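For reference, the structure discussed in these notes is given below.
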Amino acid sequence: MVRARFAPSPTGYLHIGSARTFIFNWLYVRKRQGTMVLRIDDTDVDRNTEASLQSIYDGLNWLALKWDELYRQSERLELHRQLAFRLLENGLAYRDFTPAIADPEEKAHGDGPWLCHPEMRALSKEESDRRAAAGEPFVIRYRVCREPAYEVNFTDEVYGPQTKLTADIEDFALLRSNGMPTYHLASCADDIDLKISHVIRGQDHLSNTFKHILIFQGAQAPLPRFAHLPLLIAPDGSKLSKRKHGPVVSVTTYRDYGFLPIAYINFLCLLGWSPKDNREHMTLYELMNAFSLEGVHRSNAVVNFSETDPIDPKALWLNSQHLRTMPVNALAPLVKKTLEEHGLAPYGDEAFFEHVVDTIRTRFSTLLDFASKGRAYFSDDYPIEPQALEKLNAPGARELLHELADRIASRAEFTEASVEADLRKLAEERGVKAGVLINASRAALTGQPVGPSAFAVFVCIGRERVIERLRKV
RNA sequence: GGCGCUAUCGUCUAACGGUUAGGACGGAGCCCUCUCAAGGCUCAAAUAGGGGUUCGAUUCCCCUUAGCGCUACCA
């Protein structure tokens with residue numbers, strides 16, 4: 001039974017790299033009919049916020065990929081502490097009474113690797129118990145094996161065989177002096193308790209995995225399979241950060257930009273993974289069937305945004321592909337919602353709305369386009385663009401449009417064919433090129449110089465409004 | 001500094017020792033056409049550098065370089 005988890009910490013918005021990790025976990029699990037666990041890793045009480053948690057839910061809900069079980073680490077602290085003290089009892093961990101170093105830089109850039117405080121490691125059980133009983137604050141550290149050539153091994157599903165000497169692993173903290181578990185402890189304790197079978201996460205945890213294996217071993221728990229994912233990075237090669245790169249790192253940005261969830265999922269999947277058969281535009285079902293850890297890359301992938309454009313052009317392209325190929329009845333509700341957010345509403349019934357959406361979607365690339373470029377299809381209040389005005393100002397154009405309105409009004413039939421017949425006949429009678437009248441019609445009906453075939457536009461605008469708009473110019 | 005990971009067109013990627021190094025986005029051009037898209041076709045564009053191994057290296061090994069990650073009582 002496959003059980004995978006996505007474990008975000010609520011210290012910010014939902015990062016696009018995190019979203020991709022969630023998606024990969026989800027695809028992996030769903031293909032195998034396994035269980036998707038969402039675990040909120042909120043053991044850092046100082047940095048967690050409810051707003052952040054909410055934005056993570058917002059992002060995940062937008063993607064519309066469901067999880068099966070939900071946990072919050074803050075509700076499972078007893079479990080984490082139990083493991084820490086069990087390791088302490090077993091002698092696999094020890095109390096360290098050394099005060100915390102305030103400045104992390106100091107330790108990181110100190111000379112030589114920091115491994116442990118030998119005095120603390122050597123403290124007798126009695127002495128350790130006595131000082132703890134006396135109320136002296138301590139942190140519990142893992143007692144990493146100091147045998148000369150002892151190594152930890154595992155095979156990563158993506159990166160292959162991994163080895164590290166314990167001599168290069170420091171005595172990392174398990175339990176903080178405030179009684180809260182560290183990430184390593186809480187994560188492993190929960191992975192064990194929740195019977196996680198596959199740990200699929202960012203490559204930034206690849207080297208942490210050695211520590212995690214030590215914890216699993218200390219707890220005498222079976223190891224899950226590990227798979228690490230290459231990171232998503234900025235065009236300059238640096239890691240994506242809110243501070244440096246702004247909104248491009250948050251999934252809600254893409255939602256607000258008018259992306260379809262499936263298109264964005266598709267885009268994210270193509271960063272660091274490939275189906276290896278040249279397919280790019282894929283449905284969720286196709287992604288699910290095609291996804292495998294073997295297809296995951298080992299090198300980081302650049303999200304190709306720029307100062308002037310926050311959107312990767314490929315993401316936009318994929319969105320336009322999905323926009324024009326997905327079933328109209330699946331797209332229509334999303335368009336309707338977008339219209340409502342802009343104070344617009346469809347004319348006519350559902351079938352008519354779907355016809356309009358189907359007609360105009362081929363030249364749109366985001367949902368927002370329906371409310372902007374497509375405004376005239378959903379409102380009588382639309383701007384006339386300068387280039388459209390030029391078409392209307394063509395000699396005799398207005399008079400012809402008025403006359404066309406009369407002819408359309410005088411006959412009951414209103415189809416692309418009937419309108420085309422009326423228009424071409426009128427053009428011929430007046431000795432003007434049909435194209436002039438066609439372009440003027442589009443300009444009058446939509447306020448735009450560009451758009452779908454003009455005759456299709458007539459039908460999409462609707463008979464009454466067509467007559468009204470043609471007479472108004 | 002220590003340890004680890006990575007390296008194919010601008011970007012995402014394919015090629016599990018033998019290909020004119022393929023596809024996609026983006027760019028340029030052509031076709032189609034009532035406009036604009038879409039679509040079709042064409043072009044430009046890459047194996048980081050140096051050593052090996054091999055009849056033959058994008059592919060395997062080593063070194064260099066570069067980037068990234070970990071090195072916190074953050075996750």
Side-chain angles (χ1 to χ4, degrees), chain A residues 7-9 11 41-44 46-47 96 98-115 137-141 156 159 162-165 167-170 172-184 186-187 202-211 228 230-231 233 235-239 267 270-281 294 297-305 312-318 320 324 360 362-365 373 387-388 391 420 423 433-443 448-455:
Chain A
S9 62
T11 55
D41 280 11
D42 54 354
T43 57
D44 186 352
D46 295 332
R47 299 202 306 155
D96 182 348
T98 315
I101 294 174
D103 180 16
E105 300 290 310
E106 191 182 323
K107 188 182 274 186
H109 299 289
D111 38 1
W114 181 91
L115 286 175
F138 60 86
V139 51
I140 293 183
R141 292 186 181 282
D156 189 90
Y159 287 88
Q162 304 292 317
T163 301
K164 191 162 191 162
L165 257 19
D168 291 318
I169 303 174
E170 74 281 6
F172 54 96
L174 298 171
L175 201 66
R176 293 182 257 232
S177 56
N178 65 1
M180 291 294 283
T182 63
Y183 162 73
H184 301 302
S187 176
Q203 190 241 49
D204 47 343
H205 287 301
L206 187 59
S207 25
N208 285 332
T209 305
F210 297 101
K211 294 173 191 168
H228 288 87
L231 269 21
I233 56 177
D236 67 358
S238 66
K239 111 181 194 183
F267 168 68
L270 261 19
L271 294 174
W273 171 79
S274 162
K276 296 184 187 288
D277 56 10
N278 281 344
R279 273 186 299 170
E280 302 212 281
H281 169 202
E294 292 76 56
H297 254 225
R298 286 184 286 277
S299 51
N300 295 343
V302 171
V303 179
N304 198 16
F305 60 86
D312 189 316
K314 194 147 197 171
L316 207 54
W317 174 75
L318 274 170
S320 63
R324 54 180 140 262
I360 62 183
T362 59
R363 55 213 80 208
F364 290 169
S365 54
K373 295 179 189 172
Q387 284 167 303
K391 311 254 185 201
E420 179 162 9
L423 186 146
K433 284 200 290 186
V436 174
L437 191 48
I438 286 171
N439 289 331
S441 299
R442 185 188 294 104
Q448 296 171 341
V450 302
S453 161
F455 306 117

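Lettering follows sequence order; numbering is per chain, from 1. Since the structure is predicted, the reported quantities are computational estimates derived from the model, not experimental observations.
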Partner of B:rU19 by Watson-Crick or G-U wobble geometry, both contacts under 3.5 Å, or none?
none
Mind checking the NE2-CG spacing from A:H205 to A:D156? Nearest 0.5 Å is all I need.
13.0 Å
B:rU54 -> Watson-Crick or G-U wobble partner, both distances under 3.5 Å, gives none
Looking for any heavy atom pair under 4.0 Å, which part of the strands does A:R279 touch: base, sugar-phosphate only, or nothing?
nothing
For A:Q448, which contact category applies under a 4.0 Å heavy-atom criterion: base, sugar-phosphate, or nothing?
nothing
Can you find an N or O donor on one side and an acceptor on the other, under 3.5 Å apart, linking the side chain of A:N300 with the base of B:rG67?
no
Considering only NZ, NE, NH1 and NH2 on the basic side and carboxylate oxygens on the acidic side, decide whether A:R279 and A:D277 come within less than 4.0 Å.
yes
When only distance counts, do a donor and an acceptor, one from the side chain of A:K314 and one from the base of B:rC12, lie under 3.5 Å apart?
yes
Calculate the interatomic distance between A:K211 atom NZ and B:rA75 atom P; express it in whole Å.
12 Å
Sticking with atom C1', work out how far B:rU19 lies from B:rU35, rounded to a whole angstrom.
44 Å
Indicate, with a heavy-atom threshold strictly under 4.0 Å, whether A:P452 touches base, sugar-phosphate, or nothing.
base
Using a cut-off of 4.0 Å on non-hydrogen atoms, how would the nucleic acid contact of A:H228 be classed: base, sugar-phosphate, or nothing?
nothing
From A:H228 NE2 over to A:D204 CG, what is the distance, rounded to the nearest 0.5 angstrom?
8.0 Å
Using the P atom as the reference point in each nucleotide, state the distance between B:rG26 and B:rC63 in Å, no decimals.
41 Å
Would you mind telling me which of B:rC68, B:rA75, B:rU35 lies closest to the side-chain atoms of A:N439?
B:rU35
Got a salt bridge between A:K211 and A:E170, using NZ or NE/NH1/NH2 to carboxylate O under 4.0 Å?
yes
Between CG on residue A:D168 and CG on residue A:L115, distance to nearest 0.5 Å
8.0 Å
Base, sugar-phosphate, or nothing for A:G272, non-hydrogen atoms under 4.0 angstrom?
sugar-phosphate
When only distance counts, do a donor and an acceptor, one from the side chain of A:R141 and one from the base of B:rC73, lie under 3.5 Å apart?
no
If you look at every strand shown and take non-hydrogen atoms under 4.0 Å, does A:R298 touch a base, only sugar-phosphate, or nothing?
sugar-phosphate
CE on A:M180 to CG on A:D42, rounded to 0.5 Å
7.5 Å
Could you state the atom-to-atom distance from CD of A:E420 to C1' of B:rC34 in whole Å?
9 Å
Got a donor-acceptor pair under 3.5 Å from the side chain of A:S177 to the base of B:rC73?
yes
From CG of A:N304 across to C1' of B:rG27 the rounded distance in Å is 13 Å
Considering only atom P, compute the distance from B:rA46 to B:rU8 and round it to an integer number of Å.
14 Å
B:rA57 and B:rA21: how far apart are their P atoms, nearest whole angstrom?
14 Å
Using a cut-off of 4.0 Å on non-hydrogen atoms, how would the nucleic acid contact of A:G237 be classed: base, sugar-phosphate, or nothing?
sugar-phosphate
Sort out the partner of B:rU47 for me: Watson-Crick or G-U wobble, both distances under 3.5 Å, none otherwise.
none
